[in-house]
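This chain uses plain numbering: 1 for the first residue, then up along the sequence. Everything numeric in this text was worked out from a predicted model, so none of it was measured.
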Amino acid sequence: MRKLIILSAICFFTSCALRNSNKPGFPLAGLETVPQLSHTQMLEDHDSLVSLIHQVSPVIYFNKEVRGIDFDRYARRLRKSITNKTTMADFLHIVDMTLNVAQDGHSGRLGSWQLNIMRTNWIPNGIIKHIDSISMVYGHTYEKFANRNFTNKLELNLVYTNGDYYNMLPFSYKGVKFPASMRLRSCNGLNVHAFVKKQYAHISPLRWDRANRKVYHEAFYKSAEFFKRGGLQLVFEDKQGNMRQLNASLGDTVSFGKKILNPFGYNDESVPLTTHYFEKDGIFYAKMPLMVEAYGDSLAKQLKPFIEKSIVKSIVLDIRGNGGGSDNTYANFLGRIMKDTLKQDVVVGRNFSPYNQKQFNVNADSVKSKKGFSFNVDVATLKQPKMYFISIPNFTFVLPDSLNYSFKGKVYVLQDRYIYSSASNLSNLAARNDQLVSIGETPNLLGGLQTNPSILQLPHSKIIFRIEPQIDFTGAKSVVDAFQNHVEHQVSYSIEELYQRVTSSDDIFGREFLYEKDPMFQKVLELEGVQLRNKRRP
């Protein structure tokens, strides 16, 4: 896989943007109660932030070697933008941009829901011991301010599919109507892909479409930074080849001609656990919206009466939109149905830094003497930094329960790009196991076996953030293989299929829609030898 190249012109444009990142400044109202830092303290906090990212994150080194993203270069420019006139609002934005440049889905400033988990779980259970309650109060204040000032109100419902951006719904702007399914061609005079490619400081994580050699983000236009520099000029091409331009200013909104009835993205807690049994084809279907451990137990109970009658030929686990949770969710369910242990050799790596040595209680002697630990492994790894590795032969992902059903059929895993963390782990497991079969799209984010992110805090501002400390090198023949995300049967939605899904008044996870209109479920039917009445496009 060739490295993604950042063109010099784009680098220059980004450099100018970063130098002017805090001009004009953000409003001051809303941050009066947080610590007010001097210029020296801001520099010390930023230096601490960059040092900790360097010590904890192996992802920034992967990004530089494989994707051409130079964290240090961006971080230096952001530090130079801190002056005697930098306000706390501007400094918070600089911190957020620095974290964005790390370009990792598990790295960033903690939001309110994560702060609430810290208060109710991580601190009481002793997982985090170095952050006090007043810092969490500051954290909520920072988050509220950022939500109000760092993003804009514009919502276009763009979707990226098959290498291009489209608007899913028809909309009107200042009396001008724009039809659905237009292809977005350019932004601010640049090809849209060239524009998005340079927004490392403003959007994170940018997804990496390896098949089309593009980085993308469907809400790339949400940064308020673009409007501080004059707004957005977006050029669309409709189905007849006509160009349509949208010039948007800060505070602008559009009116949609259709409503999204079925959001396309990550699930929230309102999405229910859903099961069906397709009698004619012997397929048990389960929509698992989140990796909640109780869901795995519930699915096993719902499957039991069908398994006991020996009428289940195959099982479908639908994890589309599943942002993760506990690996025990799928492990417990699969442990109840599968006869064989699901295991594989695993190799993960962490930076051998002063912070990580203390955090994970390792040193040079323990790495050399502890079983499974080493400084060198027989897989492709990064050129930098110095890392230590943990090799686990036959790491067990799923251990059969003593009362398991000894199911021998295929277990199909339906996935879209909106899977992450433990859901992505299930996808990786499926790609390496004959009985599990993955269908759909890759998430286009760095995946593999991850661990709990390190929770950190800046000394003066008390900004709380997290950093992913681990990369999965399992089976890597070249360093790009650490990306890990694979799917066995690639099925992508067309823009027409997406439009149908998001606007349908039918239950898109109901029996009829799955069977007649869902391209991923139809792929299951095809693999099971079922003759389809409404076969999708080639």
Side-chain angles (χ1 to χ4, degrees), residues 267 271-322 324-344 396-415 419 422-423 425-440 487-489 507-516 518 520-532:
N267 301 321
V271 179
L273 184 71
T274 302
T275 61
H276 303 297
Y277 179 65
F278 293 86
E279 297 87 350
K280 179 181 176 181
D281 306 304
I283 299 173
F284 179 84
Y285 167 90
K287 166 67 176 173
M288 189 181 289
L290 295 168
M291 290 300 177
V292 177
E293 290 191 30
Y295 288 172
D297 298 331
S298 177
L299 289 182
K301 291 178 182 177
Q302 294 184 51
L303 175 64
K304 183 178 180 181
F306 301 106
I307 285 283
E308 288 179 339
K309 295 178 182 178
S310 299
I311 56 176
V312 178
K313 297 179 181 178
S314 60
I315 294 171
V316 175
L317 280 181
D318 191 341
I319 60 171
R320 286 175 285 186
N322 189 318
S326 171
D327 286 287
N328 291 333
T329 305
Y330 67 82
N332 291 345
F333 174 69
L334 294 176
R336 291 291 299 273
I337 66 174
M338 305 188 77
K339 181 178 66 174
D340 298 325
T341 300
L342 301 186
K343 56 188 178 182
Q344 66 184 50
T396 299
F397 284 86
V398 176
L399 184 66
D401 186 275
S402 59
L403 300 176
N404 75 80
Y405 306 143
S406 297
F407 179 70
K408 297 179 181 179
K410 295 292 186 182
V411 178
Y412 297 99
V413 178
L414 306 188
Q415 60 182 74
I419 62 170
S422 57
N425 288 345
L426 174 56
S427 170
N428 286 335
L429 182 63
R432 294 187 173 101
N433 182 274
D434 291 339
Q435 192 173 4
L436 300 179
V437 180
S438 58
I439 296 172
V487 64
E488 294 166 271
H489 297 276
D507 179 1
I508 63 173
F509 298 108
R511 292 170 59 91
E512 183 176 347
F513 194 98
L514 286 168
Y515 208 94
E516 300 290 341
D518 189 306
M520 294 185 192
F521 190 81
Q522 288 194 328
K523 186 64 179 181
V524 172
L525 298 177
E526 176 189 322
L527 293 172
E528 286 292 295
V530 176
Q531 294 295 319
L532 303 179

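To the nearest 0.5 Å, the span separating CG on Asp518 from CZ on Phe509 amounts to 7.5 Å. Interatomic distance, OH of Tyr412 versus NE2 of His489, reported as 7.5 Å (0.5 Å rounding). Here OG1 of Thr274 is found 9.0 Å from CD of Gln302. Values are rounded to the nearest 0.5 Å. Distance check, rounded to the nearest 0.5 Å: OG of Ser427 to CD1 of Ile419 gives 4.5 Å. With rounding to the nearest 0.5 angstrom, the OH atom of Tyr285 is 11.0 Å from the CG atom of Leu299. Taking CE of Met288 as the start and CG of Asp318 as the end, the distance is 10.0 Å to the nearest 0.5 Å.
In this structure, the ring of Phe284 has its center no less than 6.0 angstrom from the ring center of Phe407.
A salt bridge is absent between Asp507 and Lys287: the closest approach of a Lys/Arg side-chain nitrogen to an acidic carboxylate oxygen does not fall below 4.0 angstrom. By the 4.0 Å N-to-carboxylate-O rule, Arg511 lies close enough to Glu279 to be salt-bridged with it.
Side-chain contact check for Leu436 versus Leu334: some heavy-atom pair is nearer than 4.5 Å. With contacts defined as side-chain heavy-atom distances shorter than 4.5 Å, the pair Phe333/Leu317 qualifies. Counting heavy atoms from C-beta outward, Asn425 and Met291 have side chains that stay 4.5 Å or more apart. Side-chain contact check for Tyr330 versus Ile319: every heavy-atom pair is 4.5 Å or farther apart. Looking only at side-chain heavy atoms (C-beta outward), Ile439 and Leu527 come within less than 4.5 Å of each other. Two residues are said to be in side-chain contact when any heavy atoms from C-beta on lie closer than 4.5 Å; Phe306 and Ile315 fail this criterion. Between Phe521 and Phe513 the shortest side-chain heavy-atom distance does not fall below 4.5 Å. At a threshold of 4.5 Å between non-hydrogen side-chain atoms, the residues Lys304 and Tyr405 count as touching.
Across all their heavy atoms, Pro289 and Pro272 have their closest contact at CG-O, 3.7 Å. Taking both residues in full, the closest heavy atoms of Ser438 and Gln415 are given as CB-OE1, 3.6 Å, listed atom of the first, atom of the second, then distance. When every heavy atom of Asn267 is checked against every heavy atom of Leu290, the shortest pair comes out as O-CD2, 4.1 Å. Scanning both residues, Leu514 and Arg320, for their nearest heavy atoms gives CD2-NH2, 4.0 Å. When all heavy atoms of Val398 and Gly335 are compared, the closest pair comes out as CG1-N, 3.4 Å. Closest non-hydrogen pair, Leu414 versus Met520, comes out as CD2-O, 3.9 Å.
In this structure, Ser314 contributes its side chain and Lys410 its backbone to no donor-acceptor pair below 3.5 Å. Not a single donor-acceptor pair under 3.5 Å links the side chain of Asn433 to the backbone N or O of Leu429.
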Exercise. Checking side chain to side chain contact (heavy atoms under 4.5 Å, CB included) for the pair Thr329/Ser422: CA distance, chi angles, key distance, verdict?
Worked result: CA-CA 9 Å; Thr329 305; Ser422 57; over 6 Å; no
For this session: Walk me through it: do Ile283 and Tyr515 pass the test side chain to side chain contact (heavy atoms under 4.5 Å, CB included)?
Result: CA-CA 11 Å; Ile283 299 173; Tyr515 208 94; 6.0 Å; no
Problem set entry | Phe397 vs Leu426, side chain to side chain contact (heavy atoms under 4.5 Å, CB included): CA-CA, chis, key distance, verdict | CA-CA 9 Å; Phe397 284 86; Leu426 174 56; over 6 Å; no
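Enclosure of atom CD in Glu512 is not indicated, since only 12 or fewer non-hydrogen atoms of other residues, nucleotides or ligands lie within 6.0 angstrom.
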